2 protein chains.
Amino acid sequence: MRISANVSERAKEPPNIGVSVVILALGPSDMDAHGSLSAPAGADASGNDTIPTLRIPLVCRIRQPFLGDWALPGGDLQGGRSLEFAAEQALHSTTSLHPQYLEQLYTFGDPSRSHGGLPMVSIVYWALIGETEAKDFHEAQNVRWFPVNQLPPLAFDHKDIIDYALTRVRNKIEYSDIATRLVGSEFTLSQLRNVYEAIYGRKLDPPNFRRRMLSTGMVEPTGEKLARGAHRPASLYRYAAHPGTSKPQNATARQ
Amino acid sequence: MRISANVSERAKEPPNIGVSVVILALGPSDMDAHGSLSAPAGADASGNDTIPTLRIPLVCRIRQPFLGDWALPGGDLQGGRSLEFAAEQALHSTTSLHPQYLEQLYTFGDPSRSHGGLPMVSIVYWALIGETEAKDFHEAQNVRWFPVNQLPPLAFDHKDIIDYALTRVRNKIEYSDIATRLVGSEFTLSQLRNVYEAIYGRKLDPPNFRRRMLSTGMVEPTGEKLARGAHRPASLYRYAAHPGTSKPQNATARQ
DNA sequence: GAAATAGTGTCTTTCAGACATTATGTG
DNA sequence: CACATAATGTCTGAAAGACACTATTTC
């Protein structure tokens, strides 16, 4: 790619640019039937009250440094392509999936992070993938999905990056509509609550969650009900695209 | 720098990397005596109740595209240098100043943003500079300071970038200690409130501001007082580095 | 005393969380 | 009926904002 006359000239050259993605997916509870996960953490297998877990696909490194460790999916940035495009491409080539949500996380460029490899500026995105889509995934070569609370040894500074992404998404869910993108067009408040619980990593109080969601005006009832299990059926809701009273949210707020 | 065999090969090459800075400075009210500002917006000139204004240094472009428009200070990223270093260097070469606070804002890399210039990925930082330091600045060649509410025509997407930086800093000031970095080691609550007012761009209620600041535990009284003007002297406070009860804040939170 | 800012007290609203209670379905 | 989840109601405490009021200094 790059031709240098000598070593001293090379030191002044700009580093390479890569784009990586932290992919956060709501794993379905029966994911083991499709993939090869080591730790199922589903919620509706047998009426238990565990919470759904976020899962991250990682790629096993096949060269030094960090040979055999796991790393975030990514690739070099080609000219003429947007950063989002590069992030989506890295996501799709690893998982054969498309994200419900994609946002830039941070750009990591410290020279010390290459650890003997080529100096690299990594523009990192984070993506959200819902249950429905994650069901279709097939485990590609050198790719494995891990629960966020059971991550393997990670290459470079990728552990810090994942932690940062989790901090970001847990903050963002409080003031944006990203959670509604991970459920279908019609959903019960329990389903929506499960998304929040997966991202927060803890249980939420159902009555308070209901009141909070309805008070924002972001969801509205469809009038239909969904019967699932030996209990009272739940009302279905849809995402109210443009709530009248609440203030608009965009990607820039609270970044 | 980069040697390409032909045009088609060039299209696949990575774009150049630059680092730019949105420099936000608390202009002193008598800044006109030092610089050549068009619109003074000081607060203590004659007992008025205007609020201090944030100012931004911009560089006049001396080539196409956007010849004659104003742009953010910046430069190419050299290998072996951290992104922060490049941002500080761009800041210092433009203003001869060092920032109180420096934080990465966002990386802009859309191919359409070059507008006929060379394709460029811009890693943008934002910096805060306090009154004391801004007093020392000298107006360099092609550099001028503008109040944030009276910006000139800007090159590329730099207007969007500045707006984004203002959104970020106004959010960040709510849950971080960046404001205390813009006052001296000892300060009155009025002085601290002026920093908040400059960043928010609006007046704050003094009693409520006092209560809010003291309740966080981030400031503690020194026991001394400062007499300034025909009124009751104000108590001096210092920044309490590690408040006991409040939760720790770091650069990653709420990004 | 007038003026100006420093500082205290109080009231209201809003929101989050804890938790009791009722409602409605299935086995 | 037992049981599980849906949905409503109520209480409390924290935090923010409006604003009245007192305190202390200089001119």
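A quick note: this is a predicted structure, and the numbers were derived from the prediction, not measured. Labels below follow one simple rule: chain letters A, B, ... track the order of the sequence lines, proteins then strands, and each chain is numbered from 1.
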Rounded to the Å, how far apart are A:Arg228 CZ and D:dC3 P?
24 Å

Select base, sugar-phosphate, or nothing to describe what A:Arg211 touches, counting heavy atoms under 4.0 Å on all strands.
base

Between atom CE in A:Met213 and atom P in C:dA16, what is the gap in whole Å?
9 Å

Heavy-atom donor-acceptor pair, B:Asn208 side-chain to D:dA18 base, under 3.5 Å:
yes

Please give, in whole Å, the distance from D:dG17 C1' to B:Arg202 CZ?
10 Å

Interatomic distance where CZ belongs to B:Arg193 and C1' belongs to C:dA4 [whole Å]
12 Å

Measure the distance from CZ on A:Arg210 to C1' on C:dA16 and round it to the nearest whole Å.
17 Å

side-chain contact (heavy atoms from CB on, under 4.5 Å) between B:Leu236 and B:Lys225: does it pass, once the steps are laid out?
CA-CA 5 Å; B:Leu236 282 169; B:Lys225 291 191 180 293; over 6 Å; no

Name the nucleic acid region contacted by A:Ala234, choosing base, sugar-phosphate or nothing; use a 4.0 angstrom heavy-atom cut-off, strictly under.
sugar-phosphate

Taking only the side-chain nitrogens and oxygens of B:Ser235, find out if one of them lies under 4.0 Å from OP1 or OP2 of C:dG7.
yes

Hey, are A:Glu197 and A:Arg202 close enough for a salt bridge, meaning a charged N less than 4.0 Å from a carboxylate O?
no

Below 4.0 Å: OP1/OP2 of D:dA23 and any side-chain N or O of B:Arg232:
no

Output the rounded distance in Å from CD (B:Glu197) to P (C:dT5).
12 Å

Are B:Arg211 and B:Asn208 linked by a side-chain donor-acceptor pair shorter than 3.5 Å?
yes

Of the listed nucleotides (C:dT5, D:dG17, C:dG25), which one gets closest to any side-chain atom of A:His231?
C:dG25

When you match A:Ser190 and B:Ala230 each to their closest nucleotide on DNA chain D, which lands nearer the 5' end?
A:Ser190

Find the distance A:Lys225:NZ to C:dT26:P and express it as a whole number of Å.
13 Å

Parallel, tilted or perpendicular: which fits the ring planes of A:His98 and A:His92, with parallel below 30° and perpendicular above 60°?
parallel

Answer with base, sugar-phosphate or nothing: what part of the nucleic acid does A:Thr188 contact at a heavy-atom distance below 4.0 Å?
nothing

Whether the side chain of B:Arg210 engages the backbone of B:Leu189 through a donor-acceptor N/O pair (distance < 3.5 Å, no angle test) should be reported.
no

Value in whole Å for how far the C1' atom of C:dT8 lies from CZ of B:Phe209
17 Å

Mind checking if A:Pro207 touches a base, just sugar-phosphate, or nothing, with heavy atoms under 4.0 Å?
base

